[in-house]
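Everything numeric in this text was worked out from a predicted model, so none of it was measured. Residue numbers run from 1 in the order of the sequence given. We use all heavy atoms of the structure for the numbers below, so side chains are in, but hydrogens, waters and symmetry mates are not.
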Amino acid sequence: MAVQKLPLAKAINESLRVALDTDPKVLIMGEDVGKLGGVFRVTDGLQKDFGEGRVIDTPLAESGIVGTAIGLALRGYRPVVEIQFDGFVFPAYDQIVTQLAKMHARALGKIKMPVVIRIPYGGGIGAVEHHSESPEALFAHVAGLKIVSPSTSADGYWMMQQAIQSDDPVIFFEPKRRYWDKGEVDTEAIPGPLHKARVTRTGTDLTLAAYGPMVKVCLEAAAAAAEEGKSVEVLDLRSMSPIDFDTIQTSVEKTRRLVVVHEAPVFYGAGAEIAARITERSFYHLEAPVLRVGGFHAPYPPARLEEEYLPGLDRVLDAVDRSLAY
């Protein structure tokens, strides 16, 4: 069946299965990815079908996992490694930014680094400390890394395959609270470019730009705004590095207003770079300053307070109203 309705987690699982089946150089590594199938079951059944030599349960050692993946890439493999939770990535940060990101340039282009690092990220699942972070800006700041995040099952399926096929390292941020959201996946479709933003709802009065877990919130906000006669366009950015500024600019020069939304803190977040660039590019088209909605500049709170921390419908609609008031 070419078109299936799948949860995001299952869509990624199916994509990994296709990659393992079609390329013997693809390997999967991580904590509990094999027998358990991952804590979110994203790799469920893969070790059973492809064996322990290709779906590898590793020790609890993120730096070692990424370092081993770099060595495998040097030997011609395409490793896909899982960091079990977003907050666990920091022991591997040195390997990622000083080795993985720089190896291609260090070798004057003679070495390729086809490594995918999967990171379930973001909040909304009532988890404990270190399990609900949004560290994408820390990686987007590093040249040599591609940073992407799907918001739908179709993107989870196709973007994962494109990431694995990339000869450059890709940090693949998976919005964990969307793992169970279902969507249609056409396994025979021709996917668009990995780093191309997509208009998910057209509008004329204002543009909402988001990625990953916040795309759904922005679509809900646009629907709510429509009930009050406001026409809001929604962009799914899909990629945080590189950013498709051309698509954002085209939308903003039509709507003349932009609100950027992400779960990560507003302070030094991806929205700051987008706001600066669009202000430079489209200054004379803007009728309001670019506004940003995101998390607070504070440690992620305990689960009982996370709904106050996470940007939700009300905070997005408040920014829409503030922008339209100019």
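One finds the CD1 atom of Ile111 at 10.0 Å from the NE2 atom of His104 (value rounded to the nearest 0.5 Å). Interatomic distance, CZ of Phe88 versus CD1 of Ile65, reported as 11.0 Å (0.5 Å rounding). Put simply, CE on Met160 and CG on Asp155 are 12.0 Å apart, with the number rounded to the nearest 0.5 Å. Atom NZ in Lys10 sits 12.0 Å away from atom CD1 in Ile12 (nearest 0.5 Å). Atom CZ in Arg118 sits 4.0 Å away from atom CD in Glu174 (nearest 0.5 Å). The distance from the CG atom of Leu258 to the OG atom of Ser251 is 7.5 Å, given to the nearest 0.5 Å.
Panel note: side chain Arg41, backbone Gly38; a donor-acceptor pair is recorded below 3.5 Å. Not one N or O on the side chain of Arg17 forms a donor-acceptor pair closer than 3.5 Å with the backbone of Thr43. With Ser231 contributing its side chain and Thr204 its backbone, the two residues share a donor-acceptor pair below 3.5 Å. Side-chain atoms of Glu82 do not come within 3.5 Å of backbone N or O of Gly30 as any donor-acceptor pair. Judged by distance alone, the side chain of Asp181 and the main-chain N or O of Thr152 form no donor-acceptor pair under 3.5 Å. At distances below 3.5 Å, at least one donor-acceptor pair connects side-chain atoms of Thr279 with backbone N or O atoms of Ala275. Using a distance-only test at 3.5 Å, with no hydrogens or angles considered, no donor-acceptor pair links the side chain of Gln249 to the main chain of Ser282. Under a 3.5 Å cut-off, the side chain of Asp44 and the backbone N or O of Gly37 do not form any donor-acceptor pair. Judged by distance alone, with hydrogens and angles left aside, the side-chain atoms of Glu263 form a donor-acceptor pair with the main-chain N or O of Gly123 at under 3.5 Å. Side-chain atoms of Arg256 come within 3.5 Å of backbone N or O of His285 as a donor-acceptor pair.
Smallest separation of non-hydrogen atoms from Glu133 and Gly87: CG-CA, 3.9 Å. The shortest heavy-atom contact between Tyr77 and Pro114 is O-CG, 3.6 Å. The heavy-atom pair separating Leu194 from Arg238 by the smallest distance is O-NH1, 3.4 Å. When all heavy atoms are compared, the tightest approach of Gly212 to Ser151 is O-CB, 3.3 Å. Summarising the geometry of Pro311 relative to His262, their closest heavy-atom pair is CG-O, 3.6 Å, with the distance given to 0.1 Å. Contact detail for Pro213 and Arg177: the closest heavy-atom pair is CB-NE, 4.1 Å.
Counting non-hydrogen atoms of neighbouring residues, nucleotides and ligands closer than 6.0 angstrom, the NZ atom of Lys102 exceeds 12 such neighbours. Other residues, nucleotides and ligands place more than 12 heavy atoms under 6.0 Å from the CD atom of Glu287.
Checking each of Lys176, His130, His131 against Asp86 for a side chain to side chain donor-acceptor pair (under 3.5 Å) leaves exactly one that passes, namely Lys176. Screening Met159, Glu136, Met240 against Val148 for a side chain to side chain contact (heavy atoms under 4.5 Å, CB included) leaves a single residue, Met159.
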**Report entry** Residues Tyr121, Ser149; criterion side-chain hydrogen bond (donor to acceptor under 3.5 Å, both in side chains); working and verdict
**Finding:** CA-CA 10 Å; Tyr121 82 118; Ser149 180; 2.8 Å; yes
**Report entry** Residues Phe172, Ile117; criterion side chain to side chain contact (heavy atoms under 4.5 Å, CB included); working and verdict
**Finding:** CA-CA 6 Å; Phe172 198 93; Ile117 299 178; over 6 Å; no
Report task. Apply side-chain hydrogen bond (donor to acceptor under 3.5 Å, both in side chains) to Gln99 and Arg106, showing your working. Result -> CA-CA 9 Å; Gln99 305 298 338; Arg106 185 182 297 149; 3.0 Å; yes
Query raised in the report: Checking side chain to side chain contact (heavy atoms under 4.5 Å, CB included) for the pair Leu16/Val80: CA distance, chi angles, key distance, verdict?
Result: CA-CA 9 Å; Leu16 292 169; Val80 181; 4.0 Å; yes
Query raised in the report: What do the steps show when you test Phe85 against Ile119 for side chain to side chain contact (heavy atoms under 4.5 Å, CB included), and what is the final call?
Result: CA-CA 6 Å; Phe85 282 92; Ile119 305 178; over 6 Å; no
**Report entry** Residues Asp205, Arg257; criterion salt bridge (Lys or Arg N to Asp or Glu O under 4.0 Å); working and verdict
**Finding:** CA-CA 7 Å; Asp205 296 337; Arg257 290 175 169 85; over 6 Å; no
Query - Derivation of the side-chain hydrogen bond (donor to acceptor under 3.5 Å, both in side chains) call for Lys182 and Ser153 - result: CA-CA 7 Å; Lys182 290 186 176 182; Ser153 297; over 6 Å; no
Query - Working for side chain to side chain contact (heavy atoms under 4.5 Å, CB included), residues Thr58 and Asp32 - result: CA-CA 7 Å; Thr58 67; Asp32 297 320; over 6 Å; no
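Two different hydrophobic clusters hold Trp158 and Val26 under the rule that ILVMFWY side chains link at heavy-atom gaps under 4.5 Å. Under the 4.5 Å side-chain contact rule for hydrophobic residues, Val252 and Leu291 do not share a cluster. Linking Ile, Leu, Val, Met, Phe, Trp and Tyr whenever their side-chain heavy atoms come within less than 4.5 Å leaves Val42 and Val185 in two separate clusters.
A 4.5 Å side-chain heavy-atom check between Leu46 and Ile28 finds at least one atom pair inside the cut-off. Ile147 has its side chain within reach of Leu145: a pair of non-hydrogen atoms, C-beta onward, lies under 4.5 Å apart. Looking only at side-chain heavy atoms (C-beta outward), Gln47 and Asp57 come within less than 4.5 Å of each other.
Salt-bridge annotation for Arg281 and Asp246: present, with a side-chain N of the basic residue lying under 4.0 Å from a carboxylate O of the acidic one. Ion pairing between a basic and an acidic side chain is recognised when a charged N comes within 4.0 Å of a carboxylate O; Lys5 and Glu184 show no such pairing. Between Lys254 and Glu233, at least one side-chain N (NZ, or NE/NH1/NH2) sits under 4.0 Å from a carboxylate O, which counts as a salt bridge. Here Asp236 does not pair with Arg201 in a salt bridge; the nearest charged N to carboxylate O distance is not below 4.0 Å. Look at Arg322 and Asp318 and you find a salt bridge, because one of the NZ, NE, NH1 or NH2 atoms lies within 4.0 Å of a carboxylate O, short of that distance. The residues Asp321 and Lys230 are annotated as salt-bridged, a charged nitrogen and a carboxylate oxygen being separated by less than 4.0 angstrom.
Judged by the 6.0 Å and 45° rule, Arg315 forms a cation-pi pair with Phe296.
Between Tyr93 and Phe139, the ring planes lie perpendicular to each other; the angle is over 60°, past the 30° to 60° tilted range.
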